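This report refers to the structure that appears directly beneath it.
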Amino acid sequence: MRLSKGFFPTVKEVPTDAVIPSHQLMIRAGLMRQLTAGVYSFLPLGYAVMKKVMQIIREEMDAIGGQEFHLPALNPIELWEETDRVKAFGDIMFHVKNRPMVLAPTHEEVITAIAKNHVKSYREMPQIWYQIQTKFRNEPRPKSGVLRGRQFTMKDSYSMDATREGLDRSYDLHAEAYKRIYTRCGLSFYIVGASSGAMGGSGSQEFMVESNAGEDNLAVCAESGYAANVEIATSLVPPAERFEANPAVEKVHTPGCRSIDEVAAFLKLPVARCAKSLVFMNGTAPVLVLMLGNDQLNEAKLQGVFGQDIRPAHPEELAQITGADAGSIGPVGLPATVTVVADRRLQNANGLVCGANVNDHHLVNVDLGRDAKVSAFHDLRSVEEGEMSPDGKGKLRIVKGIEVGHIFKLGTKYSSAMKANFLDEKGEEHPIIMGSYGIGVERIVACHIEQHHDEFGIRWQKGVAPYDVHLIMVNKNSEAVVAKSEELYAELTKQGLAVLFDDRSDVSPGFKFKDADLLGMPLQVIVGDKNLKNNEIELKERETGRRWNAGVASVVGDVVSYVRN
RNA sequence: CGGGGUGUGGCUCAGCCCGGUUAGAGCGCUUGGUUCGGGACCAAGAGGCCGGAGGUUCGAAUCCUCUCACCCCGACCA
């Protein structure tokens, strides 16, 4: 493609609305333009990258036996009522105003509807069905360019198996395919254990790219390779102590002490002797949660125990339930209607300080087994930077990450709800055992830029670069330069390379070099007067900035072998 | 949904507090000329009912009220 003919709207100035590098560069390099919040038009150069990424995905999905579908984005709302996900998605799902229809935010329902009608026997499985299509989600706050949009492209696939073992195989196939996809897309990534959230199901892993622009926090350990979303991450931390002496509970006056630090300082006890109480409402049922010291409660873990509907109690509710305000609440002497759960670190603990359920008073010498009715101990705390990895091999680091893929063992959640059943070899009917596997296509593009750019622009890696080489005709006034540039353009194209040819006659050489660095093709071929007089052509590697000259006679071969590696 | 910020030519912004001729700059664009290896120069041009509606005033980009859009932080996030 000739730059003089094509549509490549580059911009020198950083767009005001873009704050992260990938967003800025996607605008500046003319990959895309925003239409409205969370909705972007892909311009030819950006779409060329999208197509490259989608092709890689397609090849790897096909390689594990995937079959590509094209599914409707417009769905009857009844379909989503069958699985109760109209409610589950809530405001996230776009509803059509003049028909009882919705815009699909994902495709479990449509896939399951097809399977229900056509997959009737264990003999017909396993199946892997996928699509690469636009999804719609009414994100409350779109942000970071294409990283969180209201309309985006997603590859999602669904596996159907007759057995749990089959599901495990399908899941593993996807995990391996995903590793190949991200590697081919030039991303370095973590595979982390994740919470399956509202998708349901038994197991899930996320593929995460480390980035400051990320919205998820990960606990990673370089020594052991441990990596987990902090929503489920664990660490090796000692439990609270158990003391021999176990005196009776005593109520003490603790004026003005609201936080754990204040209470510990006032009583001259270590923070690790304190048990912090938090009150939640599980629907209408109050739940008191105990954490050791200043351990942070992990609400995702709490939701794992009680479900999605649990929420912090309001201040009025606190007083009503416990008789005290936050800071003086505790597990001793609560009404039987209050469920008490505690973090595992508190198991068997005694000698604790807790709120007395009377403002400005605390209890000391509390033995949770003796003095309170703790119904269960769970892992409820958030891990902290610097704690030991659960395998004990090294310290945890907390990093931010961008989710570029998520794989789930769904099980039978959707097949049961929609009665998508099959007959096994004994003639017994069972719901199909499903998996669901997603990849955000735009996120791969944005993450690629996040990981491969510098102050001058993008540095595409070979696998996803929209063009293989950027051919620069430096000086249009030199007939020799023009002729050689045209010749190279024709010849390289003939060799099967995708060539972006800066043949513009109305911009200065400097302008062309800046544009080439901004657009970021892996190799620049620079045809200029001075080198040409010596029968040489300059080559520049964008990644490293390395430059070298090739002889006129060998340059085509050199470029071709560089591109093909 | 809470908190903060911004809307002025295609882009980046000034002007607004303290109302007062024809609303500015740089970049980009058009025309002509010069230039040609790291975002060139000269000259002449085109382009804006200052996000929208209402109000105050002799007079509003500027003050007041409402509203819309976008961005950021938080909440939320299969």
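Worth saying up front: this structure is predicted, and the values here are computed from it rather than measured. Residue numbering restarts at 1 for every chain, and letters A, B, ... go by the order of the sequence lines.
- For the C1' atoms, the distance from B:G19 to B:C63 is 8 Å, rounded to whole Å.
- Separating the NZ atom of A:Lys530 from the C1' atom of B:G38 is a distance of 12 Å, rounded to the nearest angstrom.
- Between A:Pro140 and A:Gln34, the residue whose closest nucleotide on RNA chain B is further toward the 5' end is A:Gln34.
- Partner assigned to B:A23 is none, using Watson-Crick or G-U wobble distances below 3.5 angstrom.
- Pairing of B:A14, defined by two Watson-Crick or G-U wobble distances under 3.5 Å, is not identified with any nucleotide.
- The shortest distance between the side-chain N/O atoms of A:Thr36 and the OP1/OP2 oxygens of B:C70 is below 4.0 Å.
- Taking the six-membered ring where the residue is Trp, A:Tyr562 and A:Trp548 present tilted rings, their angle falling between 30° and 60°.
- One P atom belongs to B:A44, the other to B:G37, and the distance between them is 28 Å to the nearest Å.
- Close to B:G39, at under 4.0 Å from its OP1 or OP2, lies no side-chain N or O of A:Ser508.
- Across every strand in view, B:C63 sits in a pair with B:G55 that passes the Watson-Crick or G-U test at under 3.5 angstrom.
- With rounding to whole Å, A:Arg148 atom CZ is found 12 Å from B:A75 atom P.
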The test is salt bridge (charged side-chain N to carboxylate O under 4.0 Å, His left out); show your working for A:Arg148 and A:Glu403 and say whether it passes.
CA-CA 11 Å; A:Arg148 178 163 291 277; A:Glu403 178 185 349; over 6 Å; no
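- Taking the six-membered ring where tryptophan is involved, the planes of A:Tyr437 and A:His174 are essentially parallel, since the angle between them stays under 30° and well short of 60°.
- At the heavy-atom level, A:Lys512 lies nowhere under 4.0 Å from the strands shown.
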In sequence, state the C-alpha distance, the side-chain angles, and the governing distance for A:Lys5 and A:Asp503, and then conclude on salt bridge (charged side-chain N to carboxylate O under 4.0 Å, His left out).
CA-CA 9 Å; A:Lys5 307 276 190 218; A:Asp503 63 333; over 6 Å; no
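- Taking a cutoff of 4.0 Å between a charged side-chain nitrogen and a carboxylate oxygen, A:Arg85 and A:Glu108 qualify as a salt bridge.
- What separates CZ of A:Arg33 from C1' of B:G10 is a distance of 10 Å, to the nearest Å.
- Nearest nucleotide to the A:Arg547 side chain, out of B:C36, B:G37, B:G39: B:G37.
- Rounded to an integer number of Å, the gap from CD of A:Glu215 to P of B:C76 is 12 Å.
- With both pairing distances under 3.5 Å, B:A46 is matched to nothing as a Watson-Crick or G-U wobble pair.
- Using a cutoff of 4.0 Å between basic side-chain nitrogens and carboxylate oxygens, A:Arg504 and A:Asp506 are not scored as salt-bridged.
- B:G39 and B:C50 are spaced 38 Å apart, taking the P atom of each and rounding to whole Å.
- Backbone-only engagement by A:Ser144 is indicated by non-hydrogen atom pairs under 4.0 Å involving sugar-phosphate atoms exclusively.
- Closest to the A:Val474 side chain, of the nucleotides B:G38, B:G37, B:C73, is B:G37.
- Among the protein residues, A:Ser478 comes within range of no part of the nucleic acid, since none of its heavy atoms lies under 4.0 Å from any strand.
- Taking atom C1' on both B:G55 and B:U62, the two are 15 Å apart, rounded to the nearest angstrom.
- Nucleic acid contact class of A:Met93 (heavy atoms, under 4.0 Å, all strands): none.
- As rounded to whole Å, 11 Å separates atom C1' of B:C70 from atom CZ of A:Arg150.
- Among the heavy atoms of the strands, none lies under 4.0 Å from A:Lys135.
- Separating the CG atom of A:Asp17 from the C1' atom of B:C13 is a distance of 14 Å, rounded to the nearest angstrom.
- Not a single donor-acceptor contact under 3.5 angstrom links the side-chain atoms of A:Asn475 to the base of B:G37.
- RNA chain B is contacted by both A:Thr10 and A:Arg141; A:Thr10 maps to the nucleotide lying nearer its 5′ end (nearest heavy atom per residue).
- With both ends at atom C1', the span from B:G7 to B:A14 equals 15 Å, rounded to whole Å.
- Side-chain N/O atoms of A:Asp517 and base N/O atoms of B:G38 include a donor-acceptor pair closer than 3.5 Å.
- Rounded to whole angstrom, the span from the CG atom of A:Leu147 across to the P atom of B:C72 amounts to 11 Å.
- Comparing atom distances between the A:Leu518 side chain and each of B:G39, B:C72, B:G37 picks out B:G39 as nearest.
- Atom-to-atom, CZ of A:Arg504 to P of B:G38 comes out at 16 Å; the value is rounded to the nearest Å.
- Rounded to whole Å, the separation between the P atoms of B:U21 and B:U35 comes to 46 Å.
- Closest contact between the side chain of A:Asn477 and the listed nucleotides B:C77, B:C36, B:C70 involves B:C36.
- A:Lys179 is listed as a side-chain neighbour of A:Ile191, based on a closest heavy-atom distance under 4.5 Å.
- Taking only distance into account, the side chain of A:Glu13 meets the base of B:G26 through a donor-acceptor pair shorter than 3.5 Å.
- Comparing the same atom, P, in B:G3 and in B:A75 gives a spacing of 16 Å after rounding to whole Å.
- With both pairing distances under 3.5 Å, B:U34 is matched to B:A40 as a Watson-Crick or G-U wobble pair.
- With a 3.5 Å ceiling on both atom-pair distances, the Watson-Crick or G-U wobble partner of B:G7 is B:C68.
- The same atom, C1', is picked in B:G51 and in B:C16; the two are 16 Å apart, to the nearest Å.
- Figure legend. B:G2 is base-paired to B:C73; pairs are counted as Watson-Crick or G-U wobble with both atom distances under 3.5 Å.
- Taking the charged nitrogens against the carboxylate oxygens, A:Glu60 and A:Lys155 have no contact shorter than 4.0 Å, which rules out a salt bridge.
- Residue A:Pro105 is classed as having no contact, given no heavy-atom separation below 4.0 Å to the nucleic acid.
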